[in-house]
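Everything numeric here is computed off the predicted structure, so don't read it as measured data. Note: hydrogens, waters and symmetry copies are ignored here, and every other heavy atom, side chains too, is used.
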Amino acid sequence: MDFKDTPEEAAFRAEVRAWIDANAPKHLLEELKNASFASNGVVSEDPIAAGKAWQKKKAEAGWACLHWPKEYGGGARTPIERVIWGQEEGPYAALTGVFTIGHGMCGPTVMSWASEEHKRKLLPPLASGETVWCQLFSEPASGSDLAGLRTRAVKAEDGSGDWIINGQKIWTSGAQYSDWGLLITRTNPDVPKHKGLTMFFLDMKSPGVEVRPIKQANGQSSFNEVYFTDVRIPDSQRLGEVGQGWEVSLTTLMNERLSIGSGMSTGFPELFRFCMEAEIDGEPAVKDSGVRSKLAQFAVKQSGLKYTGMRAISALSKGEIPGPENSIGKLVAGATMQELSMFALDLQGEAGVLWNEESPQQGRFQAMLMRSPATRIEGGSDEILRNIIGERVLGLPGDIRVDKDVPFKDIPTSGRKKK
């Protein structure tokens with residue numbers, strides 16, 4: 001495969017580079033270099049406001065959501081042009097991490113399932129950074145079994161056609177600053193669990209919606225609990241038919257694993273730089289054969305993630321929907337981040353227990369290690385992803401699922417008394 005730019009691509013790259021050089025918020029560059037997964041590194045000003053400002057500037061110049069159609073606020077560019085933009089945007093891309101869920105998961109779902117009226121209303125503000133979206137999927141009682149959710153949606157008794165929502169979601173990234181959310185609910189407990197689901201999009205400021213941030217081990221609160229108490233949603237905000245929620249959710253999940261897997265930082269460049277600076281027995285750590293061996297292993301995984309992501313982009317360029325093979329990137333990236341951060345702390349020795357501005361790399365790897373377990377759960381746990389890869393990519397026999405054809409209301413729960 002030839003990765004050299006064609007003359008047209010080289011011209012596009014030069015155009016992108018010139019625009020970024022003239023418009024990027026360079027006063028934030030040093031902070032952005034300290035960005036980590038789930039944090040853009042900005043501390044001198046409101047990081048979300050800074051992200052919205054950069055996204056708005058990109059949108060005004062036609063650089064927002066390059067893969068979206070222009071009528072929905074995108075740039076209508078080719079997949080390779082999208083790759084070139086990502087390469088040239090560099091550290092500034094961390095500013096708009098707040099939009100990852102909206103641009104990478106919610107937007108494509110709305111584009112696939114909403115009415116034309118709603119697409120034109122909702123997508124341009126999302127593309128330009130005016131609105132932030134979240135994904136209301138996971139629940140306390142169902143773990144990685146999304147189809148086991150219990151948040152209920154029932155038709156209002158006043159004949160309006162509206163739906164009344166009651167229940168709880170958990171581990172919702174960015175809910176505390178989101179304007180809209182994709183919400184999957186159970187509308188029919190009398191059919192097997194996958195068949196009784198319905199998807200909606202929800203105004204997060206609706207009466208009855210309560211968001212409670214969760215304090216994480218790394219000190220951040222990027223995850224939330226979200227409670228719904230008699231929340232009213234118009235039927236016009238339903239995506240797909242009643243009972244078609246599982247099919248709609250697959251659009252979100254396939255895009256989620258592509259977005260997370262292809263965009264997740266494993267921390268390898270930072271580790272490599274650290275190994276050039278750190279010392280072992282008075283010599284740079286990179287001269288140690290054991291360190292070089294580990295760096296080589298991480299480099300191979302990093303390269304594999306890069307080119308697996310490029311294969312996915314090639315598929316998108318042909319109009320294909322992201323497939324189950326994108327679970328590979330997310331599975332490998334999450335585990336690599338955890339392993340890499342543990343190795344970095346081993347190299348730091350006793351200083352590895354420190355986590356402040358005076359610690360090596362200003363605590364970057366400590367923060368990464370504390371955050372990494374979440375990366376192996378969000379977007380599908382390692383076990384779920386292995387099942388998907390085994391069954392839908394490799395064609396292996398599926399797990400035995402005893403509740404497959406059982407009405408949801410008849411599935412035993414730990415809280416239900418035996419007769």
**Q.** Inter- and intrachain pairs under salt bridge (charged side-chain N to carboxylate O under 4.0 Å, His left out), touching residues 206-223, at least two apart
**A.** E210-R212
Q. Distance-only, no hydrogens or angles: does the T185 side chain make a donor-acceptor pair with backbone N or O of T198 under 3.5 Å?
A. yes
Q | Pairing residues for E60 by the side chain to side chain donor-acceptor pair (under 3.5 Å) criterion, not counting sequence neighbours | A | none
Q) Quick one: salt bridge (charged side-chain N to carboxylate O under 4.0 Å, His left out) pairs with a partner in residues 269-288, sequence neighbours left out? A) E270-R364, E283-K287
Q: Output all residues satisfying ring-ring contact (aromatic ring centres under 6.0 Å, His included) with F201, sequence neighbours left out; order by chain, then residue number.
A: H118, W180
(Q) Using side-chain heavy atoms (C-beta onward) and a distance below 4.5 Å, is R77 in contact with H67? (A) no
Q.
According to salt bridge (charged side-chain N to carboxylate O under 4.0 Å, His left out), does anything in residues 175-187 pair up with another residue at least two apart or in another chain? List the pairs.
A. D179-K205
(Q) Could you check whether T252 and T109, counting side-chain N and O atoms only, form a donor-acceptor pair closer than 3.5 Å? (A) yes
Q | Donor-acceptor under 3.5 Å (S303 side chain, V300 main chain) | A | no
Q: Verify, without hydrogens or angle tests, whether T96 (side chain) and F99 (backbone) share a donor-acceptor contact under 3.5 angstrom.
A: no
Q | Where at least one partner belongs to residues 367-396, residue pairs that pass ring-ring contact (aromatic ring centres under 6.0 Å, His included), sequence neighbours excluded | A | none
Q | Separation of I233 CD1 from L183 CG (nearest 0.5 Å) | A | 5.0 Å
Q: List in chain and number order the residues that pass side chain to side chain donor-acceptor pair (under 3.5 Å) with R238, two or more places apart in sequence or in another chain; answer none if no residue qualifies.
A: D235
Q. Residues two or more places apart in sequence or in another chain: which of them pass salt bridge (Lys or Arg N to Asp or Glu O under 4.0 Å) with E31?
A. none
Q | By ring-ring contact (aromatic ring centres under 6.0 Å, His included) - contacts of W68 (at least two apart) | A | H103
Q) Can you check side-chain contact (heavy atoms from CB on, under 4.5 Å) on S138 and T172, steps first, answer last? A) CA-CA 7 Å; S138 298; T172 305; over 6 Å; no
Q.
Please enumerate all residues that pass ring-ring contact (aromatic ring centres under 6.0 Å, His included) together with H194, with sequence neighbours excluded.
A. W246
Q) With sequence neighbours left out, what residues match K121 under side chain to side chain donor-acceptor pair (under 3.5 Å)? A) none
Q | Backbone N/O of G290 and side chain of S293: donor-acceptor pair under 3.5 Å | A | no
Q) What pairs of residues pass the salt bridge (charged side-chain N to carboxylate O under 4.0 Å, His left out) test when at least one of them lies in residues 41-54, not counting sequence neighbours? A) none
**Q.** Sub-4.5 Å side-chain heavy-atom contact between M368 and M342
**A.** no
